[in-house]
Amino acid sequence: MASSANKNINAKLVLLGDVGAGKSSLVLRFVKGQFVEFQESTIGAAFFSQTVAVNEATVKFEIWDTAGQERYHSLAPMYYRGAAAAIIVYDITNQASFDRAKKWVQELQAQGNPNMVMALAGNKADMLDGRAVAPEDAKTYAQENGLFFLETSAKTAANVNEIFYEIAKRLPRLQQTPNPSGMVLVDRPTERANSASCCS
Ligand code: GTP
Ligand code: MG
């Protein structure tokens, strides 16, 4: 048990999903605690980092927020290759975005790191009036494909910290850590490199 103390882990995490699903908004909420109604579409990809403390360990997420526009699809392997974790994001008001999420899962299963921790985020959970994807369908799909599933809202912050924390707990190197406890978001300046667009 003592061996789990003071572990520092860097974990590359990639967000994938349809254009407009809310990838950048989830990252902006998680890293800066902000939300903007008119988030610009990502060009290429944007990099962020954020650290969470899980039990006695510290996980520094190195986050690649990819662009959902189809013309950037061929860049995606650069970002998911070697990634320890992925969040595949769809918009609960948009069935096509759920179909697109399934395609990403297939691609990761075929080409990604086999030990990758994968989360499925049904985002825009605040927009219940416009719901097009039943949570039961997403949950079943996630269970069948070895992902864990949460509905999130970058707007209200619902389940945003939780999804990153759950990923941190599931990282293989943290699996032996006993007695899961609460999450602490470590307050540290964020770094941005290669950020062609995003979030000003
Ligand atoms: P690309 O970069 O083009 O791939 O899109 P993206 O997946 O990064 O989506 P983005 O974060 O840019 O969000 C698209 C739009 O949806 C923006 O206008 C956001 O304000 C809005 N949005 C994102 N998340 C939520 C949410 O949880 N609730 C609501 N109501 N709107 C959201
Ligand atoms: Mg984006």
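Side-chain atoms are counted along with the backbone in the values below, which use heavy atoms only and exclude waters and symmetry mates. All ligand and atom numbering here is 1-based and tracks the order in the structure.
- By the 4.5 Å heavy-atom criterion applied to side chains, R29 and K155 are not counted as neighbours.
- Protein neighbours of ligand 1 below 4.0 Å, counting non-hydrogen atoms: D18, V19, G20, A21, G22, K23, S24, S25, F35, V36, E37, Q39, E40, S41, T42, A67, G68, N123, K124, D126, M127, S153, A154, K155.
- Not one N or O on the side chain of Q39 forms a donor-acceptor pair closer than 3.5 Å with the backbone of S24.
- When atom types are taken as modelled, the side chain of K23 and the backbone of I87 share no donor-acceptor pair closer than 3.5 angstrom.
- Ring planes of F164 and F61: perpendicular class, angle over 60° (limits at 30 and 60°).
- You'll find the side chain of I88 reaches within 4.5 Å of the side chain of L108, heavy atoms only.
- Electrostatic pairing of K139 and E136 does not count as a salt bridge here, judged by no charged N lying under 4.0 Å from a carboxylate O.
- A pairwise comparison of heavy atoms in I92 and A125 identifies CD1-CA, 3.8 Å as the closest pair.
- Contact annotation: the side chain of D99 never approaches that of Y90 to less than 4.5 Å [non-hydrogen atoms, C-beta and beyond].
- Checked by atom type and distance alone, the side chain of K12 pairs as donor or acceptor with a backbone atom of Y79 at under 3.5 Å.
- Excluding water, every protein N/O/S atom under 2.8 Å from the Mg ion (ligand 2) is given here by residue and atom: S24 OG, T42 OG1.
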